[in-house]
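See below for the structure under consideration.
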Amino acid sequence: MTIKDEIKKIRDNVYEIPGSYNKQMRASGRLYIDDESFEALEEGAVQQIVNVACLPGVFRYSIGLPDIHFGYGFPIGGVAAFNMRNGIVSPGGVGFDINCGVRLIKSNLCQEDIEGHLDELVDALFKNIPSGVGSKGKVKLSQDDINNVLDYGAEWAVENGYGWDEDLEVLEENGRIKAADSSEVSDKAKKRGIPQLGSLGSGNHFLEIQVVDEIYNEEVADVYGLKKGMIVIMVHTGSRGCGHQVCSDYLRLMDKAYKNYKINIADRQLACAPLDSKEAQSYLKAMYAAANYAWANRQMITHWIRESFEDVLGKSARDMDMQIVYDVAHNIAKEETHDFKGRDMEVLVHRKGATRAFGPGREEVPVKYRDVGQPVLIPGTMGTASYVLHGTQTAMEETFGSTAHGAGRVLSRSQAKKDYNPEDIVNNMENNGIKVKATSKSVIAEEAPGAYKDVDSVVRVSDSTGIAKLVAKVKPLAVTKG
DNA sequence: ATGTGC
């Protein structure tokens, strides 16, 4: 008998892990996944959903999304909400790369406008946006600067000349969580953050020049300003070594806290603290500060993307209409209000490898998108399509306004390096008309599309269950990676 | 993801 035998299918692509599975569970588990992925799903990831459902104050369901896989304590591709009155916060529920996220920038260019310039564009992006492990940004930050980055996020970046005032309107949280407090971030995290601001990083982080390949919903695409054949740029990066250090620092603190507060946890990696404790409050302020760092990071990269296009194409970014469509966080915890049986519940929603997908009418959605729900950006793996979806009322009712965040790894990095040859992958992509430029060859093998679940199926499950609906498909023309 | 093992 395994956990998976206890799971009941409750409708197409939705499974339930009954709260009666073990005595410690305080909520049931829910899985949004197709039958094929369910069969292939690792027991360990299901056990992690159960473990999360045992934490104090867990509200309604512990949720696994279509791209779920085994992570540190909490699964990646998971959502869990905790009551603000008696719940907890756990760094493992946010992840190491705090506010890892995705940004999409549009243009008025079509493929013919950049034909013959693609090599130059990729070279310019590669030169202007530092990438790779331990990569350093081009900006010299003082101690005051790093504190301002942590406290003001993308606002700091725009005030310092990186981007346009209106950029802030289309960033989740407007690119700044006000509850952040740089004084809760260690000197070590700041020291790691100072040289890295304005850099892409490594692993699955990327920068792509893409073309809008297909529109599924004309009305919503129109609201988002997307048209078939349009050149767009997608950025996937996070808070670099700074967020990583914040997570490490607070995991150590939480490892003491959960013992002090006598919280029963199924796995030490679920170390957490009650929301009203000083440990939880410090972590939240530091985690929000790291989230602000990531928004500033993506903002600076946006500025250099615009400059790169200007240099190569000889037109201004304004003339090329290089506006931000949206920017989403997919590793974060946030205080939100969710309706439950007609009552407003105040909860802390942990989204780890999960994208917010707020539906129509929510005040958190930018005014210009509010009638149709927020844009949801779901990146594919290297060389494959990415998707734009919109948030829905179904997501509000079932998943705390959340959906999947990407393809989801199926092979470990080490296994991928054994199975794939970087030259073959690059040749394959170039045969498909995609230009690739990477800092290292090993990252190409680690990020081989075959090391990931097919993003098409992830998005299909989101769409069919209604937790986010398809708007557009974009396909890569050129990729730069760490 | 990550000064790619403290």
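Each chain gets a letter, A, B and so on, in the order its sequence line appears, and its residues count up from 1.
The CZ atom of A/Phe96 sits 12 Å away from the P atom of B/dT2 (whole-angstrom rounding). As rounded to whole Å, 13 Å separates atom C1' of B/dT2 from atom CD of A/Glu447. In this structure, A/Gln245 places its CD atom 12 Å from P of B/dT4, rounding to the nearest Å. One interatomic measurement links the two molecules: CD of A/Gln196 to C1' of B/dT4, which rounds to 13 Å at whole-angstrom precision. Note: CD (A/Glu446) to C1' (B/dT4) measures 8 Å, nearest angstrom. Between the P atom of B/dT2 and the CG atom of A/Asn99 lies a distance of 13 Å, rounded to the nearest Å. Between A/Lys136 atom NZ and B/dT2 atom P the separation is 15 Å, expressed in whole Å. The separation between A/Arg413 atom CZ and B/dT4 atom P is 13 Å, rounded to whole Å.
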Check against ring pair (Phe, Tyr, Trp, His ring centres under 6.0 Å), A/Phe82 and A/Phe59: CA-CA 5 Å; A/Phe82 297 88; A/Phe59 182 55; 10.0 Å; no
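Proximity of A/Gln47 to A/Phe70: side-chain heavy atoms (C-beta onward) are nowhere separated by under 4.5 Å.
Residue contacts for A/Lys352: at a heavy-atom cut-off of 4.0 Å it reaches no nucleic acid atom on any strand shown. A/Ser202 comes within 4.0 angstrom of the backbone, heavy atoms only, and of no base. At the heavy-atom level, A/Gly238 lies nowhere under 4.0 Å from the strands shown. Using a 4.0 Å heavy-atom distance criterion, A/Arg192 is classed as a base contact.
Note: A/His338 and A/Phe358 have perpendicular aromatic rings, judged against thresholds of 30 and 60 degrees for the angle between ring planes.
Among the nucleotides B/dT2, B/dT4, B/dG3, the one closest to any side-chain atom of A/His244 is B/dT2.
Under the 6.0 Å cut-off for aromatic ring centres, A/His330 and A/His236 qualify, their centroids lying closer than that.
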